[in-house]
Amino acid sequence: MPGTVNYQAIGKILNGKQLPSPRQLVSLAAWLINEGEIRGEETQDPKEYIRTLLQLRDAAHDEALGISVEKKGTKEDKSTREGLKLSGSLERVQEAENKAERKLLSCMLQSTEAIADIVEPITPDSFNSEINREIYGALLGLYADSQEITCESVSQKIASTISADIDVSDYLRSLLMEEVNLSDAAEYADLAVRIAKVKHVAILGNAFTDLAGRSLTSEPIDVESLVNSVTNEVFTFVEGIHKISSFTTILEPTIDEIEGIGRRGPRQAVPSGLNELDELLSGFRPGEFIIVGGAPGIGKSTLGLDFARSFSLKHSRTSLLVSLQMSQQEMAMRLMSAEGRVSLHRMRSAAMEDEDWQRLNEVMPSISRAPIYMKDDPLYSYRELEASCEWLSSFKELQLVLIDSIDIMDFEPQTSSVDHGRDLSIMARELRRLAKRLDVSVVALFQTERPAQRYPVHRPDLHDIPGSLEKYADTVILVHREDAYEPESPRAGEADLIVGKNRFGPVGVATVAFQGHYARFTTMT
């Protein structure tokens, strides 16, 4: 407490002409105690008056600067103010995140095309708001089931999962009032994902502040442990962003997978439908890129459709059949002929007999339920195929993609490169990436050269597949039939499926029966 009192400063302070400095406050407290007779019976300590006056000074200073007293806090609560500062940053991130989510949902409510554009980059878990998350899931569900999307249909779908305090219908109508460009739906989705990552950083910042605060209470302060904890958290976050995994992370699930193979066979492997071929390949695994090669008219398309029958009719897995040569009706007719053992020729020539119709009727229920999707555009490109696969993978758990055939497909829509060999190599690379990314089996048919007339019974081998194509394939299967060149061959009705490359097992030859009149290959009996 100073020995003298600055009466001039006290006068200015009391008249509201200036904010006191801490030293002036001490003088003011001394004057109030000694001259102003404000000392109470219970409080004898001058420090209490000084502390109160300091708080009043801070409040006056904040008021002069336009700072809310409620948000500011006192000097005694410095850590609380810093925490509020961090929380404010997180609130701003969440506000931006909610804004992006609302614009995205508004587009989806107004346009089904917008839904198709955004299903791949964002999942329901990416949403911060619970109601936005539920609405997004409902929109995807309605779209997948080909149901009409309205405020009413969405409201009904989430009525049981949203708190009764929330008026879902009003909220949905408010989404429709958002100013959006429907063609920018994918950009809104990308923005929501990016902001979610920023929010994660803000949450990590709060967590690190708490860790540092707890470390200061320990004796001695364990800086090394603090740094290790922060490093691990940051690395885990970055690991998720880049989608990489340490060996430690994948070790346990890998052991589980090995144990599971012993109990149930290879993970999710789907049989080809041909026993001898499955002995070599162990079925088709998700993420594989398979090339099926053969000369014109040898049966590549028929074999590809047999794979689809095994996936979709026998094992209820979703297939996408893309043909740049056959119509959807032709593909469907071949599938029906093969499954019902009805002559394809009689189907095409309107010569169906009662027995044929009876066989067809017996298999129609299973055929109609088969999750098979078809595309028959001769100008269909890889880019369009990629979009179709992403959509089906998101909504229908796509398992098999069949392309007939890769050698006549362009990479970009409505374009044809002068260097088709280069395009073929790029497509093979991208198809393999697509198989890995979507965890599906991709089978691409490729037409090899016709055998020279002087060597009509040319047995194909791996050299018949361009190196730019073969190097990206996990498996290469070559189709050969002697009776395609020599009708009187003693091997009439037989076919060799030559496995010339197999990353996951042995190579070899699987001999199967070819029943061309039924448009199918089948296991030899």
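Note that the numbering runs from 1 along the sequence shown for the chain.
- With hydrogens and angles ignored, the 3.5 Å screen pairs no side-chain donor or acceptor of D483 with any backbone N or O of P487.
- A donor-acceptor pair under 3.5 Å links the side-chain atoms of R503 to the main chain of A473, judged by distance alone.
- Between Y171 and N132, the side chains place a donor N or O and an acceptor N or O closer than 3.5 Å (distance only, hydrogens not considered).
- In this structure, the separation between OG on S388 and CZ on R383 is 13.5 Å, given to the nearest 0.5 Å.
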Residue pair D410, S381: steps toward the side chain to side chain donor-acceptor pair (under 3.5 Å) verdict: CA-CA 5 Å; D410 291 321; S381 68; over 6 Å; no

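- Contact detail for F521 and G299: the closest heavy-atom pair is CE1-O, 3.3 Å.
- Judged purely by atom type and a 3.5 angstrom limit, S155 has no side-chain atom pairing as donor or acceptor with the backbone of C151.
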Test log, rule side chain to side chain contact (heavy atoms under 4.5 Å, CB included), inputs K436 and D474: CA-CA 11 Å; K436 302 293 184 187; D474 295 301; 4.0 Å; yes

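- The nearest pair of heavy atoms linking G273 to T523 is O-OG1, 3.9 Å.
- For the pair L434 and C389, the tightest heavy-atom approach, listed with the atom from each and the gap, is CD2-SG, 4.0 Å.
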Chi angles and distances behind the side chain to side chain contact (heavy atoms under 4.5 Å, CB included) call for L335, M374: CA-CA 12 Å; L335 289 169; M374 300 180 182; 3.7 Å; yes

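- When atom types are taken as modelled, the side chain of K300 and the backbone of V292 share no donor-acceptor pair closer than 3.5 angstrom.
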Test log, rule side chain to side chain contact (heavy atoms under 4.5 Å, CB included), inputs E430 and F411: CA-CA 10 Å; E430 294 304 314; F411 189 71; 3.8 Å; yes

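- When all heavy atoms are compared, the tightest approach of C107 to L182 is CA-CD2, 3.7 Å.
- More than 12 heavy atoms of other residues, nucleotides or ligands lie within 6.0 Å of CD in Q328, so this atom counts as buried by the packing criterion.
- Annotation: side chain of Q515 is not in contact with side chain of T302 (no heavy-atom distance under 4.5 Å).
- More than 12 heavy atoms of other shown residues, nucleotides or ligands fall within 6.0 angstrom of atom CD in Q325.
- Counting only heavy atoms from C-beta outward, the side chains of V476 and V499 never approach each other to under 4.5 Å.
- The backbone N or O of D167 sits nowhere less than 3.5 Å from a side-chain atom of D170 that would complete a donor-acceptor pair.
- D356 pairs by the salt bridge (charged side-chain N to carboxylate O under 4.0 Å, His left out) definition with R346, not counting sequence neighbours.
- V507 has its side chain out of reach of L462: every pair of non-hydrogen atoms, C-beta onward, lies at least 4.5 Å apart.
- Of the inter-residue distances, the one linking R481 atom CZ with F514 atom CZ reads 4.0 Å to the nearest 0.5 angstrom.
- Put simply, NZ on K314 and CG on D306 are 10.0 Å apart, with the number rounded to the nearest 0.5 Å.
- Not one N or O on the side chain of N502 forms a donor-acceptor pair closer than 3.5 Å with the backbone of T475.
- Annotation: side chain of L109 is in contact with side chain of L172 (closest heavy-atom distance under 4.5 Å).
- Of the possible donor and acceptor atoms, none in the side chain of Q156 sits under 3.5 Å from a partner among the backbone N and O of S153.
- How far OG of S323 is from CG of D376: 7.5 Å, rounded to the nearest 0.5 Å.
- The CG atom of L104 sits 12.0 Å away from the CD atom of E187 when rounded to the nearest 0.5 Å.
- Nearest approach of R341 to R359, heavy atoms of both residues: O-NH1, 2.7 Å.
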Side chain to side chain contact (heavy atoms under 4.5 Å, CB included) evaluation trace for I158 with I135: CA-CA 7 Å; I158 65 175; I135 291 173; 3.8 Å; yes

Verdict with reasoning, S312 to S319, per side chain to side chain donor-acceptor pair (under 3.5 Å): CA-CA 6 Å; S312 297; S319 300; 2.7 Å; yes

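- Taking the ring centroids of F284 and F307, they lie under the 6.0 Å cut-off.
- At distances below 3.5 Å, at least one donor-acceptor pair connects side-chain atoms of T448 with backbone N or O atoms of A295.
- Looking at S337, its side chain never comes within 3.5 Å of a backbone N or O of M333 through a donor-acceptor pair.
- A salt bridge is absent between K157 and E152; no separation between the charged side-chain nitrogens and carboxylate oxygens falls under 4.0 Å.
- Looking at L445 and I406, their side chains never come closer than 4.5 Å, going by heavy atoms from C-beta outward.
- For A308 against L321, the heavy-atom pair with the smallest separation is CB-CD2, 3.5 Å.
- Remark: of the listed residues L431, V443, L320, L431 is the sole one forming a side chain to side chain contact (heavy atoms under 4.5 Å, CB included) with I403.
- Heavy-atom contacts from other residues, nucleotides or ligands closer than 6.0 Å to NE2 of H517 number more than 12.
- Here the straight-line distance linking atom CG of L324 with atom CD1 of I408 works out to 4.5 Å at 0.5 Å rounding.
- Under the side chain to side chain donor-acceptor pair (under 3.5 Å) test applied with E339, the options R334, R520, R309 reduce to a single match, R309.
- Heavy-atom neighbours of N361 CG from other residues, nucleotides or ligands within 6.0 Å: above the threshold of 12.
- For the pair D496 and R491, the salt-bridge criterion is met [side-chain N within less than 4.0 Å of a carboxylate O].
- R369 is not listed as a side-chain neighbour of L313, based on a closest heavy-atom distance of 4.5 Å or more.
- For D404 and S301, the side-chain atoms include at least one donor-acceptor pair closer than 3.5 Å.
- Each of Q110, K103, R102 was evaluated against S106; a single residue qualifies, Q110, per the side chain to side chain donor-acceptor pair (under 3.5 Å) test.
- Listed for the H315 side chain is a donor-acceptor partner under 3.5 Å among the backbone atoms of S310.
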